[in-house]
Amino acid sequence: MIIAGLLAAGYTTYAGNRVYQSLESGHRQLVAAQASMNAAAHTADPGLLAAAAAQLKQAELAFDDANRRSRDDPALRFVGGVPAAGRQIDASAHLAAIGADVSRAGEGAAAVAIQVAALKQKYAGRSLSADDLEAALAEAQTIARNYSASTRAIGEQLRAAHAERERVTTTDLVGPLRDAYDQVDRALVAADTGFLRYQDVRQVLADLLGVRLPA
């Protein structure tokens, strides 16, 4: 019985550590993706945007893994029956879900940014002939249609992230989890601000091309 208890305790520690590692991995990938997106905003480099998209996908997978382990691992489910420990495990699961939602929203934004960057590289900074302008407007209209669908999807992911956040009270969480939620709150504010800025699809593309898009 003593050996079995030690093994059970050891596995619970191992399971908790795997959740922590997945959360950390997801966070690192999100930070890397943000750096890639920020750099691409100045250079319009499709390679940086492709790297950001890949990093966001890895972040989503890591957060999904942490969420699944938090909710489904037998040892963590058993420990979760203790109220104090259960609150920490439940908060970890919600944190992972928020990270996955934000990652998916970022993937949608990166996919559109890749299209916009390609258009910018092709037309921006040059004098457009009538034929060039017609071609640019046609491409911009196509992107605008795709962008509108992506914007709706991004909004849904951010609303899901906020819904998960509202389910967690941080006052009784351990220090590292409280700190993680402080970072999440800042990240959600930044995501909301960016989302509002780019909701006007036609204006974004008009500013990019320096022309007025037809209604």
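The basis for the numbers below is simple: all heavy atoms, side chains too, and nothing from hydrogens, waters or symmetry mates.
Partners of D65 according to the side-chain hydrogen bond (donor to acceptor under 3.5 Å, both in side chains) rule, which considers only residues two or more places apart in sequence or in another chain, are S22, R68, R69. The salt bridge (Lys or Arg N to Asp or Glu O under 4.0 Å) check on E164 picks up nothing, with sequence neighbours excluded. Contacts of E156 classified as side chain to side chain contact (heavy atoms under 4.5 Å, CB included), with partners at least two apart in sequence or in another chain: R159. In this view, D182 satisfies the side-chain hydrogen bond (donor to acceptor under 3.5 Å, both in side chains) rule with no residue, not counting sequence neighbours. Listed by chain and residue number, R165 satisfy the side chain to side chain contact (heavy atoms under 4.5 Å, CB included) test with D185 (two or more places apart in sequence, or in another chain).
Separation of atoms CG (L56) and CG (L30) is listed at 6.5 Å; rounding is to 0.5 Å. For the atom pair CG (N67) and CG (L23), the distance works out to 9.0 Å, reported to the nearest 0.5 Å. Of the inter-residue distances, the one linking Q183 atom CD with L188 atom CG reads 12.0 Å to the nearest 0.5 angstrom.
A side-chain donor-acceptor contact under 3.5 Å links H162 and D192.
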Expected list for residues 32-40: side-chain donor-acceptor pairs under 3.5 angstrom, two or more places apart:
unit_1: S36; atom_1: OG; unit_2: A32; atom_2: O; d: 3.2
unit_1: S36; atom_1: OG; unit_2: Q55; atom_2: OE1; d: 3.1
unit_1: N38; atom_1: ND2; unit_2: Q34; atom_2: O; d: 3.3

Considering only distance and modelled atom types, tabulate donor-acceptor pairs under 3.5 Å from the side chains of residues 109-118, sequence neighbours left out.
none

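Side-chain atoms of Y181 come within 3.5 Å of backbone atoms of A91 as a donor-acceptor pair (strictly under, hydrogens ignored).
Between A59 and S103 the shortest heavy-atom distance is CB-OG, 3.4 Å. Heavy atoms only, all atoms of each residue included: G26 and A62 are closest at N-CB, 3.6 Å.
The hydrophobic cluster analysis finds L61 isolated: no Ile, Leu, Val, Met, Phe, Trp or Tyr side chain comes under 4.5 Å of it, directly or through other members.
Within the structure, salt bridge (Lys or Arg N to Asp or Glu O under 4.0 Å) pairs that include any residue of residues 53-62 comprise K57-E60, E60-R104 (at least two apart or interchain).
You'll find the side chain of F63 stays beyond 4.5 Å of the side chain of L95, heavy atoms only.
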